[in-house]
Amino acid sequence: MNRIELAKRIIIYSIALILMYYVFSLFQIQKGLLYIFNLFFPLIIALFFHFLLDPLIDYFTNDRLNRKVVVIHLYLSLSLFFIIACYFIAPYIVDQCLSFYNQYCQGRLKLNPIFETIIQFLKQYQVLDYLVDLLNGWTQSLIYWFTNILLAMGISFYLSYDNLHLIEKCIIFIPFRQQGLCMQTLKKIKILTYQFMKSLVLDFLFFFFLCLIPFFFIDPKYFIWLALFLSITNLIPYIGPYIGGIPVIIYEYFINPELGYGAFIAVVVLQYLESSYLQPYLFSKCIQLHPIALFIALTFFGDLFGLVGMIFSPLFLSYSLFIFQLLKDLQFFTKIKQLVFHQSSS
């Protein structure tokens with residue numbers, strides 16, 4: 001391909017992209033696409049749960065235990081665990097959040113006197129109000145995810161109970177010689193989902209219990225909340241330790257500088273143990289991605305799905321790579337290229 005032909009194609013593609021952007025913006029197609037996405041979003045989460053629980057269901061299914069019996073017992077156990085968690089944990093969480101919010105509004109937060117002027121400065125310029133509004137936005141996002149997850153669990157129950165593999169049913173309509181590649185990709189996605197979630201849960205639990213030990217001596221009143229906050233933010237690749245560790249250190253330093261130094265040492269030691277020993281052992285078998293690709297995925301999926309997208313960005317990126325490789329093996333891009341250039345030449 002000579003330079004003139006290459007320049008023509010770049011110009012044609014650029015004009016086409018500009019026209020697509022204006023059509024997309026003028027007719028507000030993004031609202032329709034967003035509505036369709038929100039409509040099918042619970043189904044996507046249900047397929048995710050189906051991929052996650054299917055290996056577990058197959059493991060317990062044998063000659064004595066029917067698959068439907070295993071599915072009913074598993075989902076009843078999950079429902080019972082959810083009810084117990086809501087009954088015992090949710091009231092405590094709500095009470096602690098309301099207590100902190102009331103202390104903030106009434107100005108009764110216990111802080112070192114040196115930093116009282118800083119807090120007053122932040123209140124004067126409404127910086128703290130902005131942070132509270134940001135926390136309110138996270139709460140609304142949490143409620144949005146919570147309702148979608150409840151609906152998705154009901155859908156995934158029927159998918160697992162009837163053993164209805166929706167994607168596998170769609171694969172039937174693909175030409176027979178290409179069905180094997182699709183089934184292999186589907187199997188890889190299932191295995192990856194199960195391994196990643198198992199590693200994620202184990203990493204969260206181990207790191208949570210590690211954080212409980214030092215912060216019980218640093219801040220006995222809020223040590224559970226600090227450990228929970230550090231454990232959740234630690235699930236975010238690369239930037240998670242900074243998102244969780246820096247606010248905790250600043251918070252403890254505002255209360256007492258000695259506590260701030262102790263929190264700094266605790267966070268550094270915990271992150272070293274987790275990143276050097278725990279994380280490589282748990283995630284080495286399921287996720288092997290380049291750091292630059294992970295940073296891009298972290299930004300993209302974080303902007304798309306918020307905190308949940310940031311936590312699961314390695315898994316979403318792996319899904320995208322699997323699908324891209326599948327389309328490449330099916331020669332999808334080659335066919336599109338031949339179709340486009342055949343029409344342009346004619």
Side-chain angles (χ1 to χ4, degrees), residues 33 36-37 39-61 67 70-71 74 148-149 152-153 155-202 235 237 282-302 304-305 308-340:
L33 294 177
I36 295 174
F37 176 79
L39 187 64
F40 287 95
F41 190 51
L43 178 60
I44 298 173
I45 302 177
L47 289 172
F48 176 79
F49 284 132
H50 181 64
F51 289 158
L52 176 62
L53 298 177
D54 195 58
L56 193 62
I57 295 171
D58 292 338
Y59 177 78
F60 287 103
T61 302
R67 177 184 176 88
V70 174
V71 170
L74 179 62
N148 279 292
I149 287 175
M153 286 298 292
I155 299 173
S156 66
F157 170 76
Y158 288 105
L159 289 175
S160 301
Y161 183 80
D162 296 329
N163 199 15
L164 177 61
H165 299 280
L166 186 61
I167 299 179
E168 293 178 0
K169 295 294 182 181
C170 296
I171 291 177
I172 298 176
F173 298 98
I174 299 175
F176 180 76
R177 57 188 176 84
Q178 298 176 347
Q179 291 181 10
L181 291 173
C182 297
M183 293 298 295
Q184 290 177 6
T185 303
L186 182 61
K187 185 177 180 180
K188 290 179 181 178
I189 289 176
K190 285 185 177 182
I191 295 174
L192 177 69
T193 303
Y194 181 76
Q195 290 179 345
F196 179 81
M197 289 302 300
K198 182 177 69 173
S199 302
L200 194 72
V201 172
L202 290 176
L235 298 176
L282 293 175
F283 290 94
S284 59
K285 297 181 180 180
C286 59
I287 298 295
Q288 294 179 353
L289 298 170
H290 197 276
I292 296 179
L294 274 177
F295 273 114
I296 297 174
L298 187 67
T299 304
F300 176 78
F301 292 110
L304 194 62
F305 300 116
V308 177
M310 297 174 71
I311 293 174
F312 292 99
S313 57
L315 188 61
F316 294 154
L317 178 59
S318 299
Y319 287 167
S320 304
L321 294 177
F322 278 142
I323 295 173
F324 180 81
Q325 185 63 39
L326 175 63
L327 295 175
K328 186 178 178 181
D329 294 336
L330 295 176
Q331 297 182 348
F332 176 80
F333 301 109
T334 304
K335 294 177 181 178
I336 294 295
K337 184 179 179 180
Q338 291 175 353
L339 181 62
V340 171

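Heavy-atom basis, side chains included; hydrogens, waters and symmetry copies ignored. Numbering of residues begins at 1 and proceeds along the displayed sequence.
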Enter the distance from [X]:[atom1] to [Y]:[atom2] here, rounded to the nearest 0.5 Å.
X	Y	atom1	atom2	result
Ile311	Leu200	CD1	CG	7.0 Å
Leu181	Leu327	CG	CG	11.0 Å
Thr185	Lys187	OG1	NZ	12.0 Å
His50	Leu43	NE2	CG	11.0 Å
Lys328	Leu321	NZ	CG	11.5 Å
Leu74	Phe157	CG	CZ	10.0 Å

Task: Flag side-chain contact, heavy atom, 4.5 Å: Phe301 against Ser320 - done: yes

Open item on the list: Taking the side chain as everything from C-beta on, heavy atoms only, tell me whether Phe49 gets closer than 4.5 Å to Ile149.
Closed with: yes

TODO: Classify the angle between the aromatic ring planes of Phe48 and Phe312 as parallel (below 30°), tilted (30 to 60°) or perpendicular (above 60°).
DONE: perpendicular

Task: Atom CG of Leu39 with >12 non-hydrogen neighbours under 6.0 angstrom - done: yes

- [ ] Decide side-chain contact (heavy atoms from CB on, under 4.5 Å) for Tyr319 and Leu315; before the verdict, give the C-alpha distance in whole Å, the side-chain angles of both, and the deciding distance to 0.1 Å.
- [x] CA-CA 6 Å; Tyr319 287 167; Leu315 188 61; 3.7 Å; yes

Identify the two heavy atoms, one from [X] and one from [Y], that lie closest to each other, and give their separation to 0.1 Å.
X	Y	value
Ala46	Ser156	O-CB, 3.5 Å
Pro314	Pro237	CG-CG, 3.6 Å
Arg67	Ile57	NH1-CG2, 3.6 Å
Ser318	Leu192	CB-CD2, 3.3 Å
Asn148	Pro42	OD1-CG, 3.3 Å

